[in-house]
Amino acid sequence: MNNALEPQLELRVDLFRVRCALLPLSSKWAELALCLGLDYSWIEEMKAKHGRAVDKCVTEVAVKWLRGGGRRRPSWEQLVKVVAAEMGGNDPAYAEKVASYAFLEGVPEFCTRVDEKSLGTKISNEVLRALEPVAHNWMEMGICLGISYDLLEPLDQGDPQGSLAAVVQLWLGARYDSTAFGWPSWRKLVEVVGARCGASNPSLAESIAKQHETTTPPAQPNHQEQSQTGSVVL
């Protein structure tokens, strides 16, 4: 197994790619959840909550697993093993496709230059204007920003622009797990818009990034504090 598949995955960084990899398995979401070590009682709770909305169920599986809620350590290696051999009707060919997501660029390089300072609700109109081109993907945006289905579902009123405005208010008001997903910032917004999966629009993300580049230069290694092997001493 390639080393790129082994490191533990993180919710705020990897939800984009993991969710994208699992969506084609939505019809088997319950079996997938069991193989990832999620509790049967939780699976039954999701069945009652979402019914036949399997895409919502598989998204809940991705979030729960990445939070460490299963007995399997969150990693691409574990996910590939489950898809390739452990699910009934295992699918080695699709397992290779899942593995390929590990090598996609989840966050474009230009995101690293964007301001990370926390945003407040006073700039909601500015954020909304920036996101207008992806208003039709408001649900996807909300999911990737960490907002729960319980808060998103009531917003579906057939008006994408209005729904997006409500998503922005929820996000800027930190109505989500900010510990797992990070505080509202231009950097986080650009990461979500520019992700190679989900509600992706790299060109829009780069445009937003250019308008909100940080004036603080990135930290440079202190070469005087390196060990004899050349690695930086932390």
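Both backbone and side-chain heavy atoms feed into the values below; hydrogens, waters and symmetry mates do not.
- No side-chain heavy atom of Met141 sits under 4.5 Å from any side-chain heavy atom of Trp171.
- Note that CD of Glu191 and CG of Leu145 are 10.5 Å apart. Values are rounded to the nearest 0.5 Å.
- Of the options Ile43, Leu22, Leu23, Leu34, a side chain to side chain contact (heavy atoms under 4.5 Å, CB included) to Trp29 is made by Ile43 and by none of the others.
- In terms of heavy-atom proximity, Gln157 sits nearest to Pro154 at NE2-O, 2.8 Å.
- For the pair Arg71 and Asp39, the minimum side-chain heavy-atom distance is below 4.5 Å.
- Residues Trp65 and Arg73 approach most closely at CZ2-O, 3.6 Å, considering heavy atoms.
- Taking all atoms of both residues into account, the shortest heavy-atom contact from Gly158 to Pro160 is O-CD, 3.6 Å.
- At a threshold of 4.5 Å between non-hydrogen side-chain atoms, the residues Trp76 and Val18 count as touching.
- Using modelled atom types, one side-chain atom of Ser163 and one backbone atom of Leu155 make a donor-acceptor pair closer than 3.5 Å.
- For the pair Arg19 and Thr59, the tightest heavy-atom approach, listed with the atom from each and the gap, is NE-OG1, 2.7 Å.
- Glu44 contributes atom CD, which lies 15.0 Å from atom NZ of Lys49 (distance to the nearest 0.5 angstrom).
- Between the side chain of Tyr149 and the main chain of Ile143, no donor-acceptor pair closer than 3.5 Å is present.
- You'll find the side chain of Leu131 reaches within 4.5 Å of the side chain of Leu189, heavy atoms only.
- Taking 4.5 Å as the limit, every side-chain heavy atom of Ser41 sits out of range of all side-chain heavy atoms of Glu45.
- Counting heavy atoms of neighbouring residues, nucleotides and ligands inside a 6.0 Å radius, atom NZ of Lys210 does not exceed 12 of them.
- The residues Glu60 and Lys56 are annotated as not salt-bridged, no charged nitrogen and carboxylate oxygen being separated by less than 4.0 angstrom.
- Using modelled atom types, one side-chain atom of Arg72 and one backbone atom of Cys35 make a donor-acceptor pair closer than 3.5 Å.
- Rounding to the nearest 0.5 angstrom, the gap separating the CD atom in Gln78 from the OG atom in Ser75 is 4.5 Å.
- With salt bridges taken as basic N to acidic carboxylate O contacts below 4.0 Å, none links Arg129 and Glu126.
- When all heavy atoms of Val58 and Ser26 are compared, the closest pair comes out as CG1-OG, 3.3 Å.
- With values rounded to the nearest 0.5 angstrom, Leu128 atom CG is found 9.0 Å from Gln169 atom CD.
- Considering only heavy atoms from C-beta on, Leu36 comes within 4.5 Å of Leu79 through its side chain.
- Ring geometry for His212 versus Trp186: interplanar angle under 30°, hence parallel rather than tilted (30 to 60°).
- Rounded to the nearest 0.5 Å, atoms CG (Leu119) and CZ (Arg187) are 13.0 Å apart.
- Side-chain atoms of Asn137 do not come within 3.5 Å of backbone N or O of Glu140 as any donor-acceptor pair.
- Note that CG of Leu25 is 9.5 Å distant from CD of Glu31, once rounded to the nearest 0.5 Å.
- Ile147 approaches Val167 most closely through the heavy-atom pair CD1-O, 3.7 Å.
- Using a 4.5 Å heavy-atom cutoff, the side chains of Asp159 and Trp138 are not in contact.
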